[in-house]
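First the proteins, then the strands, lettered A, B, ... as listed; each starts at 1. Only a predicted model underlies this, so the values are computations on that prediction, with no experimental measurement involved.
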Number of protein chains: 2
Amino acid sequence: MRTISQPEAVTIDTRDDQEDLGALFAQITRRVIDAERPLLHARGLSMWEYIALSRLAIGSAPTQQALAEQMGYDKTRLIDLLDKLAVAGLVQRRPDPQDRRARIVAITPSGRARHRAVRNDIRALERELLAGFSDDEQRALRAALTRLVQAHDS
Amino acid sequence: MRTISQPEAVTIDTRDDQEDLGALFAQITRRVIDAERPLLHARGLSMWEYIALSRLAIGSAPTQQALAEQMGYDKTRLIDLLDKLAVAGLVQRRPDPQDRRARIVAITPSGRARHRAVRNDIRALERELLAGFSDDEQRALRAALTRLVQAHDS
DNA sequence: TATTGTTATACTCTATAACTATA
DNA sequence: TATAGTTATAGAGTATAACAATA
């Protein structure tokens, strides 16, 4: 591997080997996802299915479109995803009495159990990932990430 | 054999609305990339082309395969990417005298100039992204990200 | 007319296999 | 036999347009 140990830079903008923040995030994201995929697969879920269950675990979605927006997913792709989750008995779609176009999406007890199981696996992996970080460092990192996510929410 | 630290059952593990670390990283990555894409496009580069130039700005690649591995990219897709960069005069491929199968890839002065221009745009955007963070917080965040990237390099 | 859910289609990105020329 | 570069193709993932039912 590359071992270019540079002294701390004065003006980072002129250094060619200073990693872009976006590149750092992209690398970490890919590695975390690659590590999590087998855990999800072992319990019969795809990444997007897990994300959907995670959202629904917080509360039901009034419409599929709302769920798609919360997930940052495409509403047309969500259809097939929910079909599979429904067949597996992990979610339930029922028509909204107020608006018969809409379908309220809710997680089932079985879906909640599956979600918790996967989530515990994933959190164990995350603890391993952050093993070298002190509690304070972990809190600081999580706080920074949360700020970054919410910064662009406006 | 690696042991997964088990006995510490913490309170956060039972919360459904605690964001996964992976989800946080994925969200931030997507947003950063979405914000950077127009900057890259305005200067005629794709994300992967920029990544290639970033690597080559540090030093030439002895083989295309080595470059692909450094980038975390596929060697077969790299061909077309380098073709376009070469046609644009941003990189140069010359046969290795030592091994006539290999082609040494180097960035051209024009490529370096283009890379610097885009990089400055991107860094300006990153500064904007971290506007709410103090210098210490920015350093801490970057240090944490760097640690996470290198942790799995082994 | 606008919106929800849906389907079909096209497009992009990615992965795999196979070929050539060298070693 | 193995490796670097290349090509072609198949597959997954994604985006876009259009439709029926309802508001």
* To do: Looking only at non-hydrogen atoms, find the nearest pair between A/Leu24 and B/Arg142 and report the distance.
  => CD1-NH1, 4.1 Å
* Is there side-chain contact between B/Thr63 and B/Asp99, with at least one heavy-atom pair below 4.5 Å? -> no
* Asked: Would you say the side-chain atoms of A/Gln27 pair up with the backbone N or O of B/Val149, donor to acceptor, closer than 3.5 Å?
  -> no
* To do: Name the first nucleotide and the last nucleotide along DNA chain D (5' to 3') that come under 4.0 Å of a heavy atom in chain A.
  => D/dT14 to D/dA23
* Structure fact -> Taking every heavy atom of A/Ala144 against every heavy atom of B/Leu141, the minimum-distance pair comes out as CB-CD1, 4.1 Å
* **Under 3.5 Å: donor-acceptor pair, side chain of B/Gln70, backbone of B/Arg55** => no
* Any donor-acceptor N/O pair, B/Asp20 side chain to B/Gly22 backbone, under 3.5 Å -> no
* Asked: Which distance, rounded to the nearest 0.5 Å, do you find between the CG of A/Leu81 and the OG1 of A/Thr76?
  -> 11.5 Å
* Asked: In Å and rounded to the nearest 0.5 Å, what is the CZ to CZ distance from A/Arg127 to A/Arg123?
  -> 9.0 Å
* Asked: Considering residues at least two apart in sequence or located in another chain, which fulfil the ring pair (Phe, Tyr, Trp, His ring centres under 6.0 Å) criterion with A/Phe133?
  -> none
* **Those residues of residues 59-71 of chain A lying under 4.0 Å from DNA chain D by at least one heavy atom** => none
Extract all donor-acceptor atom pairs below 3.5 Å that involve side chains of residues 37-48 of chain B and protein atoms in other chains or at least two apart in sequence.
from	atom 1	to	atom 2	distance (Å)
B/Arg37	NH2	B/Asp34	OD1	3.4
B/Arg43	NE	B/Asp121	OD2	2.6
B/Arg43	NH2	B/Asp121	OD2	3.2
B/Ser46	OG	B/Glu49	N	3.1
B/Ser46	OG	B/Glu49	OE1	3.4

* Is a side-chain donor or acceptor of A/Arg30 paired with a backbone partner of B/Gly72 at a separation under 3.5 angstrom? -> yes
* **Flag for B/Asp136-B/Ser134: side-chain donor and acceptor within less than 3.5 Å** => no
* How does protein contact run along nucleotides 7-16 of chain C, one letter per nucleotide 5' to 3', with B for base contact, S for sugar-phosphate only, - for none, heavy atoms under 4.0 Å? -> B------BSB
* Please list residues of residues 89-104 of chain B whose heavy atoms come under 4.0 Å from any atom in DNA chain D, ordered by number; otherwise none. => B/Arg93, B/Arg101, B/Ala102, B/Arg103
